[in-house]
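Convention: sequence-line order gives letters A, B, ...; per-chain numbering from 1.
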Amino acid sequence: MALHEKALPFDIQPVDLGAKAQHDPDYAAKSLTHRVPTLIHDGFALSESSAIAEYVDEVFPGTALYPADTQNRARARQIQAWIRSDLTPLKQERPTEVVFAGETWPPLSPEAQRAAEKLISAAEFLLPDNAKTLFEQWSIADVDLAVTLNRLIFNGDPVPNHLVTYANEQWQHPSVQLWLKQSSPGN
Amino acid sequence: MSSPSLILYVDSEYFSPYALSAFVALHEKALPFDIQPVDLGAICAVCLCGSA
Ligand SMILES: N[C@@H](CCC(=O)N[C@@H](CS)C(=O)NCC(=O)O)C(=O)O
């Protein structure tokens, strides 16, 4: 895979938030949103995952999260916004427990089936010629698209082979794998 | 020990696809950051995480 991964000094430090909350000056800012993810950078609290990705990309060096090309960058943002705002019946009938906890859910309703078809045709348009990434290089939108495809794939729903290959390869991304170790610590 | 300048709040079950996206974004920058899992305490209406 054409993916760059750097060695990272990184610790997962689970805390009992209930016990710690009152000692954490940042918690008040965070709790206003009541949503995850929320990033706090030197006291600046930011929620909305795509806003977080854009902020992090602008502020820190390292692997680029968005394409350099203006239109590709706009397309990446489009994909992120679309995945977050559409496909609701599919998300309801293929919750992320399918992806992160190995659950299998019943066959899709017609409404969710239509959402699945919309997802698949968009993915086929965006990933011609068995592309391994949406753009020339990996971008954060690949993670979002792969998670969404995996809602179907992990449940055993039919998805074209090359999209399965794409999503599987994206799932091997070291940063994704590190997250998976948290969601199933036994593995 | 100084407090870390980067803290990412995520759901304690690690089921949020949006928390995953933000986690990957930070991790790709090869910076140290702390993870603070939050017990959402209810089913998330957006991604249904917590419905298990
Ligand atoms: N559009 C937001 C969605 C965030 C979101 O829906 N977070 C859910 C977990 S998946 C949450 O915090 N739910 C708890 C609540 O809304 O109270 C993003 O991309 O960050």
Calculate, to the nearest 0.5 Å, the distance between atoms CZ and CG belonging to A/F100 and B/L20 respectively.
5.0 Å
In short, A/W179 meets B/A19 closest at the heavy-atom pair CH2-CB, 3.6 Å
Within a strict 4.5 Å, meaning less than it, do heavy atoms of the B/S5 and A/H41 side chains meet?
yes
To the nearest 0.5 Å, what is the distance between CD1 on A/I40 and CG on B/L6?
10.5 Å
Can you tell me if A/E124 has over 12 outside heavy atoms packed within less than 6.0 Å of its CD?
yes
Expected output: side-chain A/T96 to main-chain B/F15 donor-acceptor under 3.5 Å
yes
Atom CZ of residue position A/R77 - does it have more than 12 heavy atoms of other residues, nucleotides or ligands inside 6.0 Å?
yes
Nearest heavy-atom neighbours spanning A/R84 and B/S21
NH2-OG, 3.4 Å
Contact class of A/A64 relative to chain B, heavy atoms under 4.5 angstrom:
backbone
Indicate the atoms forming the closest heavy-atom contact of B/A25 with A/V56, along with that distance.
O-CG1, 3.8 Å
Contacting region of A/V176 [heavy-atom separation from chain B under 4.5 Å]
both
A/V36 and B/V10 have their tightest heavy-atom pair at CG1-C, 3.6 Å
Compare every heavy atom of B/K29 with every heavy atom of A/G62, then report the nearest pair and how far apart it is.
O-NZ, 3.9 Å
A/E48 versus chain B, the contacting section by heavy-atom distance below 4.5 Å
neither
Identify the residue among A/V143, A/T63, A/D57 that makes a side-chain contact (heavy atoms from CB on, under 4.5 Å) with B/E28.
A/T63
What distance do B/Y18 atom OH and A/R35 atom CZ have between them, rounded to the nearest 0.5 Å?
9.0 Å
As an exercise: rank A/T148, A/I52, A/I140, A/L46 by heavy-atom pairs under 4.5 Å with chain B and give me the winner.
A/I140
